[in-house]
Every structure is written in C-alpha cells, then in structure tokens.
2 protein chains.
Amino acid sequence: MPLLGAGLGAILAPRSIAIIGASQDATKIGGRPVELLRRFGFPGAIYPVNPRAAEVQGLPAYPTIQAVPEVPDLAIIAVAAEGAPDALEGCAAKGVAAAVIFSSGFAELGEKGEALQARLREIAHRTGIRVLGPNCLGAASMAERSIATFSVVLEAGMPQAGPIGIASQSGNIGSYTMLLARERGIGVSRFLTTGNECDVNIADGIAYLARDPATRVILCVLETCRDAPRLIAALEEARQARKPVVVLKIGASEAGQAAAASHTGALAGSDAVADAVLKRAGAVRVHSVEALLDLGHAAAVLGDRLPAGRRTMLLTASGGFGVMLADAASAAGLALPSPSEATQSRILSVVPYASPRNPVDATAQMSSRPEILAEILAALLEDDGCDALLLLLSASLYLPRLRAIYMPTLRAVREKHPDRIVMLAVHGPADAIAELTAMGFPVVDGVDASTRALAGLCALSDARRVPAPPAPPAPGPTIDLPALATEAGAKQALAAAGLPVLPERVVADAAGAVAAATSMGFPVVLKIVSPDLPHKTEVGGVVLDLRDAAAVAEAHDAMFARVRAAAPAARIEGMLVSPMVTGGVEMILGTKRDPVFGPVVLVGLGGIFAEVLQDVALRPAPVEEAEAMAMLRSLKAFPVLDGVRGRPKADLRAAASAIAALSRFAAQHAADIAEIDINPLLLRPEGQGAVALDALILPARMEHPA
Amino acid sequence: MPLLGAGLGAILAPRSIAIIGASQDATKIGGRPVELLRRFGFPGAIYPVNPRAAEVQGLPAYPTIQAVPEVPDLAIIAVAAEGAPDALEGCAAKGVAAAVIFSSGFAELGEKGEALQARLREIAHRTGIRVLGPNCLGAASMAERSIATFSVVLEAGMPQAGPIGIASQSGNIGSYTMLLARERGIGVSRFLTTGNECDVNIADGIAYLARDPATRVILCVLETCRDAPRLIAALEEARQARKPVVVLKIGASEAGQAAAASHTGALAGSDAVADAVLKRAGAVRVHSVEALLDLGHAAAVLGDRLPAGRRTMLLTASGGFGVMLADAASAAGLALPSPSEATQSRILSVVPYASPRNPVDATAQMSSRPEILAEILAALLEDDGCDALLLLLSASLYLPRLRAIYMPTLRAVREKHPDRIVMLAVHGPADAIAELTAMGFPVVDGVDASTRALAGLCALSDARRVPAPPAPPAPGPTIDLPALATEAGAKQALAAAGLPVLPERVVADAAGAVAAATSMGFPVVLKIVSPDLPHKTEVGGVVLDLRDAAAVAEAHDAMFARVRAAAPAARIEGMLVSPMVTGGVEMILGTKRDPVFGPVVLVGLGGIFAEVLQDVALRPAPVEEAEAMAMLRSLKAFPVLDGVRGRPKADLRAAASAIAALSRFAAQHAADIAEIDINPLLLRPEGQGAVALDALILPARMEHPA
C-alpha cells in the first residue's frame, strides 16, 4: 500500500492535465473539465486526448496519451468503464503520476464491475500511479484553479479560495457542500471525492489535507470505511496538525445503514461503533451538509481559538428570541450560567429594563446607541463564567440604522477582546456577513444552526484535550479456544485477564457437587457445563439458591436428566458449582468485533436497560480505566449506580477496572474472539467489588454460523 | 369577556385608520405606519393625529382623535406609556372599534407597568373597544394592504398575499416569520402580534383566523398561555374549520421556560403539559421559525390533502443523498417500507442499475429522459404501500438541461395523480420553486427540513382523526378533604372512583392487627395511619411480609414506638393492615394540577424509570381508556409490559382503566385536589388486574406549602 496521502499533490495541484475522452461537447463529462479549466484560468497545460478529433474546444487534441508532448502530472479518464483499465495502463506507461477516473460501471454494479475495478487496483499497485475513483466526481483546488471534476456545481462559479478542505466519498454530497460554500461565501482550499476507492481512499484525502498548508479545517463526508487503521491514522495526523476534522457520517439509522451498504457495496459496520471511533479519534460528527458547513466555517474563522468550556452567554434584543436561544442551547448541550452580580449590574446600568440573566435580553435599547451594545458585550466577555458568547442579530443588519450601530461596535469589540469567542447569529445581508467574518466572527444563520455550531466548537475543543488513542496492544499469548467454549473455561480465561470471578468448581456427579457446595458454603448455584449449550437456561441448565446438601444432590440429578432430554446430542462435561451471590446491581459487559473497526467494548445495566432502552456505552477496545469510568457516567441510568434516592453507591472503580481488563483481553485476542458476554456482572456497593456471574466467549470462527 | 375573536375585523380589515402619535419621521414608530400605509397603497382613509403638526408626511393631521372627521375603524396608539390610557379613553369616546397599542412600558416592567396596563384593560372591558397590545408589534393584512404595525420587516416589502395566517405573542418572532415568508415567496393572509395581551389574546387571534376566509393555515407563536380554556376553544374552532394549526411554542427547556416566565411576566406552566394540551387540541408543534414556515407552506399548498399514514417512499438520483434521506426520515418518525416486487420491477425495467428499494436510488439516469422519471414516479405513486413520496432534487433545477426534464415531468405527474402527496426537496432557484408550488407541490429546502415537514403533515393528518376532546366532567360530589389525608382515606375515595385497591383494615392495636391479618391471610403488610405523615417509610412506618400472628403483634408495637419517637407530634389514627401482594410490574400513576392548564394525569414504570429516566406519559385529564392505552404504549419501557423476552404480558386493560378512572376523579375534583400519587400501582399479568398499593392525595390548599 502507498503511504497515507502520498502522491495526492498530482491530483490536487497538478502542473499539467491530460483529459482522456475529452469531448467537444462541454456538457459531457469528458468535455466539462476542458471547459472549466479554461473558463477558470488553469495556468498549466491542458491536453485533450481523443483519437477522433484534432482539436477539442479550440485546443489541439492528441490521439493517445503517448502522443502528448510532455508527461502530464495528472490524467482525467472519462471513457466507458470497459476502456478505463487500458487507458490507465497507458497513463502509467507514459509516466503520469496520477489519474482521476470519472467512469462508473465498476464495483457499484456488483460482481462484473468488481472484476473490472480489480484491474484498476492491480495497475495502480503494480505501477505506482495513484488513482482517484472510479465512479467519482474528481477533485479541484480553488487557489490553483485546478479542476479535475465534472461537478455541475462549478457551472455557476468556483467557491472562493479559503481554508476549508472537503474530502467526500460521495460525489453528490461533496459537490453540494461545495455549492453551499460558494453561495455562503465560505472559502474552500481543495475538493476531493473518492467514489469507489480502488486506490486513493478517504483516509488519503484527510491525510493530504492535514499536511496541506492551504487547508485549516477538514470537512469529511463518510459513507463507509474500507480501511479502519488508515482512517484512524489520518484522523490522528490531522489532530497532530491541530486541524479540526468535521465528519458528516451518513447511515445513522438502520434504514440509512442498509441503504449505505447497498450503495457502496462495502461492509456495513455498526453506526454506533463508527461514532465511537470517530469521537475517539478527535473528529466531531454532524448530521447534515448545512451543519457541516456551519461548523467548518466557524472553526476556520476562529483558527486556533476554541471555547475552553461550554459556559455560554446568550445575548439578544428580543425576549422571545432569547427564549428560543435558551431552548436550542440547552438541547445542544451548552451550559447557561447566570452572569455574576457585577456583570448584571453593569448591564442594568446601561439598560435599566434589561433582563440581565442568561439569556440576556437587552431590549431594543441595545441598538439605540453603540456604547450600550459595547458595554453589554464587554460586561459579558469580561465575566469569569463566560467561555463563549452568542449574539443574535437576526435580520437587523438589513436596516441601515441598526447596521450603522452594530458594525463599528462589533469591530471595536473584536479589537478589544481578540481572544474571546463571539458567535453571531445573523440572517443576511451577504455583504455584512462577509464583513463580520473578515473581522473574525463566525457567523451562522438561525437559532438552531448557531447554537449547534457553537456546541460543535466545544466538541472540537474537547477533542484537542483527548489523549492520543492508546496503541493497540500486542497480541496476547495463544489461547486454548476449545477450552473457552464453556462458562467454566471462559471464566478461567477471563480471571487470568484480570476479571473478578467467584471461586467455583466443575464436578462430575452429585456427590462431587455436594462436596463442593459444602466446602464453599450454602446457598449455591448449579449450572450445566457443555461446550454445545451456550444458552444454559434454555435447556433448564441453571438452578439457583440451593440451600443444603440434599437440595444440591437432587438438583444435580434432576438437571442432568432434564438437559439430556432437552439436548440429547450435547457433550456434558459436568456441573459448575458456585456460591450464590445476591445484592448489588446487575450489569452487562461485553465485547464484539465490528467488521470494519474491530473489537469494541460495551457496558450497560442489565435487565431491560440495555436490551429494551438501548442504554449502553460503547468504545473501541482497549480502553483505560478513566475512559471506562466515562462510559459508566454516560449511561442514562448512571444515577442508579451513583446512589440516587438513597440507594447505595455502586463500586464504580471495580466496574471500570473490569471494563478495562475485558477490553484489553478482547483487543489482544481480536483475531480469535468474535464476542464476549458477561451477563450479569454483579456490581456491589462501593468497596465490595464486582463479580462476573456468567460468561460466554464466542470464537471468531463462530461469528457467522452457517 | 368578549366573545372569542370578536371585533378583530376592525384590527385586521379596517376601512379607516387613525394614528395617534403620528410622526413626520418615517423611521419612528409613530411615523412608520403612516409611511407604510401610503407606500403599500392602503385604500382607506388615514388620519394622523398629532397636536403639534398640521400635516404629517403630507397628510392633514388632527390635534385629537375627536377632531378626526369620521369615526375610524381602528386607532393606532404610538405615544409614551403614560399617555396611552387617555389616548385609549379618547378613542373609546369617539366610538373607534379597536385600538392597537405599540407603546411599551407596561406589565413587562413589573408592578408599576402592571397598574398602567390594568387601566387599559379596564377601559377595554368597560367600553367594549378591542385592544391589541400594549407592547406589541401590531397587525397587518396583505390583500387589504392594511398595515397597523411598525415591523421593520415591511421596509423591504410585504409578503405576497396568500393563505397563511400568522398569530404571534412575540412581535420579533412573528415579524421574523413574516420576513422568511416574504423571502421564500410564501403567501400570507394576516399578521397579528398580541404582546402583553391586556384584552385581545392569542386565542382571539387563532379564532379570528379560523373564521377568516382568506386564511387556510394558521401559524402560531406561543410564549405563554394566559387563558387556557379560550386557547383550547380557539384551537377546537380551527379544527372544526379543518384549518391546520402549527404552533411554535417556545420555552421547551428549563432555561427557556425560566426566560419565558421572566419575559412575559405570566405564570409558567410545564412545557410537557402545554405540549400534551396542544397535541390533544389537534395543533402540531414545531421548534423553529424555519420549521414553522416549512410545515405551514406544505399544509397550505396541499389544502385538504394530507398523507393517510407515514409510509413514505424516498426517491433520489444519488445514493449518498438517499442514505441521508433515510436517516432523516427515520429520525422524523416516517416509515420506509420497501416497494412491492411489482413496483421494483417497474423501476428496474427503466433503470436496470437502480436501487429499487427504499430509498430508491434511480441514479443519474433519472434525469436522462423525462419518461424515465415519469415511470418511476408512477410506479411508486401507484404502489399500495405509499402514503407519500419525497423526491430530492437538491440543486438540480439550476441546470437548464435538468430543469427541462424535471419540470414538465412533474407537471404531468401532478395531473395524472392529483390526489397523491409528493413533497419535493429543492435548493433553488426561486422561480422554479414558485412554479412547482403553483403546480401543487410542497417544496422545502434540505434533507432534514423536507423530512421534518413531511412528518409534520402526518401529524396534522393524525390530528384530524383525533376525536374532539371530551368535555370537562361536571364537578363530582363534595369530597371530605380531611378524610383523604391518610393512605386509608385516600384509598377509600379512589376505590369509590373505580380504582382497584386491596381489602384493608385500619386497626387500633396489636390485637386488632393480628385479628385482621388472620382473617385476610398471611403474609400481610402493616403501615402507620397518620394525616401528618404523608411519607410513611421515612419515619419507619411501613413493615412488609409479616408471616404470622406473632410477627404482626411484634411489628405493630415496635412500629408504634418507632414512629412516636421519630414524629412525636404526629396524630396517629392506627395501623393499616393489608395483604402482602407481590408479582407484577410496579407502575407509578398520578395527577397534578398545572397552574395554566389544570389537572393532568401521568403514568410510568416505577423505580428509576419514571424518576431517573423521565420515562412518563402525560395527558390533560380526563382521558378515556383508549387514550390511556396510548399513554402506556408511548412509554419507552412499554416492552416490559408487553412481554419482552419471555416476561408475562401485563394486564394493560386494567392499567388503562385505572388511568382513566384516576383522571376522571382528578378532573371532577380539580378545585380541591392538587396532586395524587399512586406509587406503586402493581400491574399484574394479563387477566389478573392491577392494584393500588399506596396512595397519597394532596389537597389544593397544600399545593404551595408555606
């Protein structure tokens, strides 16, 4: 595999471009790049290649790539799918550094197309030519006027050059992002769509943008992940470069995931896992193109400034809008502390009838004289409890009188408080927005959009503080998979990995059961031991609360007979005798192997909390204990563990330790183990620890039972 | 009180208007209406009133309202607050039918302003003049060119006349709604802002619009509710008129509610109660101005057509956008069934590489020839499983080639399927949107906005099918409040109201307890009976699971001593002996009296579900059993009652019957009872009923304990 992001310069900043399949017709995909490159003034050489024309759109055309008088940096391949491999082979033979393949008709069509695409991949890997696509919308760089795309969005003009890089698997969504950027006057550095990813994938794009001096913020549209380690490495590179990455990962719902799997032809990992992985890697996720641009714009304007926390002061000239801002800010997870008494006094000294708490309603007085707004803003920005300020101007700037008050005041505020975060919620006009943006204010339209973008900035700030992900642990010592097939075997392995289990014994007959029970003390639990019966209760293979020897002996024989009858073919290795333990909270703790992102660990409260209410926390494995603690705290039912309404506080440290130990074990044995279920993990009151009452380990080969 | 909505014609369709405080300066609030009325061509007479000018903006001015040569229908009062009562008195004396008071400085400033506002209210009620405001932004009617507002939004032009009526308590939010309507080309009938509501309130506005032939859809911005019965009556009038009501109720969050209470100076009811009341009354709630207009527009375009259900077919030319639509549609609660095999075959017959399931990705082929799109649309619209279709065109209509394909095809589809619901998600251009709207397509910009608007249409459709709210029950027979102060008394009253309780006895001593226990059978529960100890467990006043006579006797005396020690002053009336009942699911069932909307009933699962996870269902009381059943089904934990994972199904009918009975009791005794808690209501397996194991009734006088 080529190094992450290597060779993308030839795609995004080529000095010369050949177009194979160049067309006279500027509306065709082979004609559009020729027309766009000329219209927007690409400064390098443009070489149309077309065996049936001596001239294309006024430029001399060449019958083959070999006939082109120099070796171009980049070739655009816009021929029918069947011809693409030969065209690519020709480019490689010529020594072209990279190719962008627009053509569709590859893996997105199933097996036949898959074979054709494999040929492209083989050529790329054999010759070293970098290939973007196929079935992609190509790439463009704004400052360089380099256009290797047929995106119709450029028909109406290029976005202005600026600090936002766009890397999208989806051509249409990436293109639409560029359209909204142009409409909103948001500056774009590069635009890259990776389509079927036969060679260059989204991770390469992110890594390139992380190194690109023209790019300060990376916007990424993710449909699927074909190579998780590279994606994670690319995100880490962006974090090292202190470049915010905002990800629109589509396929959040079940219906969306099904559609994404069918659309991309790639394995569909779980969205919850992708979410956790992105978060762990410091990327901030959004759910719409509009939110992608709002947050990208805000991050780009602020540069290295980000809110230190979520304490947000809301300021409006309207009580009603203040209420809406408070609703939206609460929903977005922002905190709305009251300003200090001193701050409130300062506000009331200039507007006696203001509502000086948060949201601050400065009434229409705010716009009556510049010094009033200036003083209120200064009071709030100088308040110790203010991490960020959100000022709502709605449509005020359309009015010349208000604009004349607001603009110079805001300019002065920026000069006086250059480090503070002030987000503006403004509905037009465009020239005022451009002016405010140039002053260094992020400007977003609308109550919901502005509060959401501000919360996104806080998430980006959090991401800066997350430590780099731990390196995946070295594989552990070989494990004896067949031995793990019973509860007893699984518990032994987990105990060795540091998980708390009970002193238990496997016995061969009723007498052995009675002896074991007597030595460990009553009451006890008796469970069937069989590698063929992972779900013991379903065959009557569990009896609880046996209080004396007679009960144990009777239960042993009855259970043996019951299980035999229920599952005549099952191999029975004996009975497991355990002390009966009660008291505490039942948790479920487990791992599973995501087909895309590998092993993840999850935890929730037992019973219906996890199963019905879906109240579980999930992280890529391994996790340290601090992160395990954060997982527990993120549960909606966390108050149950934390001593709500007089309950005893649960032993959270023991739970965190068990989560971390299990996650390490799963990561070490990722190749062998598909899934581990500890259900329940009994979590006792503080200081009394936790204990795994049952355990099931599913080997990797059983992941997809026939 | 005047009849609901009476006399608003003089405000919204006056034949002549006087402006008291008319100013030469068109930027002042007394000058703006004069300028706007003339600019937009108000056909009636305009009478500036100003004692210091003979002429205002070129019109003859009058020193007083009395000097005006006719009796105008409407007076605008734009003088300082202190002068407003005299001005209003003058108008009433002249015989003016209605006044709009722009002036601020009333109840929004607290006590002093409250007194001034009371004078306005007194004049209105004494003389019958209808008063809009004070502290409001006034009103306007588009077709009539009647402008009694100083909203700056009109500076840039009026919205076009159309079927959407806007009634807003907030001047700023209402005004911003009008601005967005103008920008988007959405037609508006009337605009009314009610401000401090000294006389005309939001319910009058809704009722007027419900009767107004020019209005087909009512958009309402609600900050608070000052008169719940009138609001509910107005909403019911709109429902009878089959006019959709979309409500932007602000103050959804705690922070927002606090701000709303401070901003409006009105009682803050619970947002959850307001939500339930609005839903019960058939209004559909949204949470942003953008969503208000999107849904209002869609409902106005569709007229009487609404989706019969939530089965939605999604159609795009882009796999990525299809995934996003599926995500957004799922989040909005739409259902995405697969088209039938026959429908899928029809799609594949025109686009072999389409993804024919839902979302349908018709690929770029969709735009290659009109007959392809026509056939795919026909296939989906003729599918029996399609209640509505959402077609995403994103920015395609900017391209002349695509526009030439899409527009005639869509026109033909509308003609062929005039009754089907087809929502379009389109990002410009404006003239194409206007053309599509004129064809009868609701057009909304963006993935999230379009799916949300479609889900809103489904909610409006649901609202049509909800039966009219039951009339509040006649007050019940007088209840003996002091007798309800103990659990035993409360249970007797509830049993009489139809709630299931256990056979229980209050006893005076240990011997009585033993006798009672023996006659009802062991085990039993013993509880202290005292009107002074509503929380019995806190004083050790409950002992469970007493298994024989000795245990009962001992527990009786021990409890007596314990409670005496813990609460020496409490009056102890005896002990309650009850059978010990176990098995089943513990529910909590209760009522409380909302300060704005009156009694509501709520239900949830016991333990942490209600308290920690806030998983409760709430409705205005009374509810019928069918609605009670819907409450149960709306619980996130409902699967626990419905037999999830082998649990027994709970007796849902018994629970619904208990909810309905309690809600009737609370509604009948709304004047006397503040709150009822049945915690727990033990809900047994199907066919075994439910039983109230504990009950607490809080009389109204204890609602706000000193």
Test side-chain contact (heavy atoms from CB on, under 4.5 Å) on A:Y176 and B:H427; report intermediate values, then the result.
CA-CA 10 Å; A:Y176 190 70; B:H427 182 76; 3.3 Å; yes
Assess the residue pair B:I173 and A:M324 against the criterion (side-chain contact (heavy atoms from CB on, under 4.5 Å)); give the C-alpha distance rounded to whole Å, side-chain angles, the decisive distance to 0.1 Å, and a yes or no.
CA-CA 9 Å; B:I173 300 176; A:M324 290 186 75; 3.5 Å; yes
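The most heavy-atom pairs under 4.5 Å with chain B, out of A:A259, A:P639, A:A329, A:G320, come from A:G320. For the set B:L399, B:V447, B:V153, the count of heavy-atom pairs under 4.5 angstrom toward chain A peaks at B:L399. Of the listed residues A:A326, A:A331, A:P352, A:G174, the one with more heavy-atom pairs under 4.5 angstrom with chain B than any other is A:A326. Residue with the most contacts toward chain B among A:E183, A:R647, A:H287: A:E183 (heavy-atom pairs, distance under 4.5 Å). If you tally non-hydrogen atom pairs under 4.5 Å between each of A:V640, A:V644, A:L109 and chain B, the highest count goes to A:L109.
Here the OG-CG distance, from A:S253 to B:L325, works out to 10.5 Å after rounding to the nearest 0.5 Å. Atom OG of A:S330 and atom CD of B:Q257 lie 10.0 Å apart (nearest 0.5 Å). Atom CG in A:D327 sits 7.5 Å away from atom CG in B:D271 (nearest 0.5 Å). To the nearest 0.5 Å, atoms OG1 (A:T27) and CZ (B:R401) are separated by 7.0 Å. Atoms OG and CG, on A:S394 and B:L179 in that order, are 8.0 Å from each other to the nearest 0.5 Å. Taking CD of B:Q614 as the start and NZ of A:K636 as the end, the distance is 12.5 Å to the nearest 0.5 Å.
Here the side chain of B:N172 pairs no donor or acceptor atom with the backbone of A:S318 at under 3.5 angstrom.
For B:L248, the part lying near chain A is the side chain, with the backbone staying farther off; criterion is any non-hydrogen pair under 4.5 Å. Both the backbone and the side chain of B:S288 come within contact range of chain A, judged by heavy atoms closer than 4.5 Å. With a 4.5 angstrom heavy-atom cutoff, B:A317 touches chain A only via backbone atoms. With a 4.5 Å cut-off on non-hydrogen atoms, B:D445 touches chain A through its side chain but not through its backbone. For B:E290, the part sitting under 4.5 Å from any heavy atom of chain A is the side chain, from C-beta outward, and nothing else. Both the backbone and the side chain of B:V152 come within contact range of chain A, each with at least one heavy atom under 4.5 Å from a heavy atom of that chain. Contacts of A:L314 with chain B are absent, with no heavy-atom separation under 4.5 Å from either backbone or side chain.
Taking all atoms of both residues into account, the shortest heavy-atom contact from A:L336 to B:A255 is CD1-CB, 3.7 Å.
With a 6.0 Å radius and a threshold of 12 heavy atoms from other residues, nucleotides or ligands, B:R310 has its CZ atom above the threshold. With a 6.0 Å radius and a threshold of 12 heavy atoms from other residues, nucleotides or ligands, A:F638 has its CZ atom above the threshold. Atom OH of A:Y353 has 12 or fewer neighbouring heavy atoms from other residues, nucleotides or ligands inside a 6.0 Å radius.
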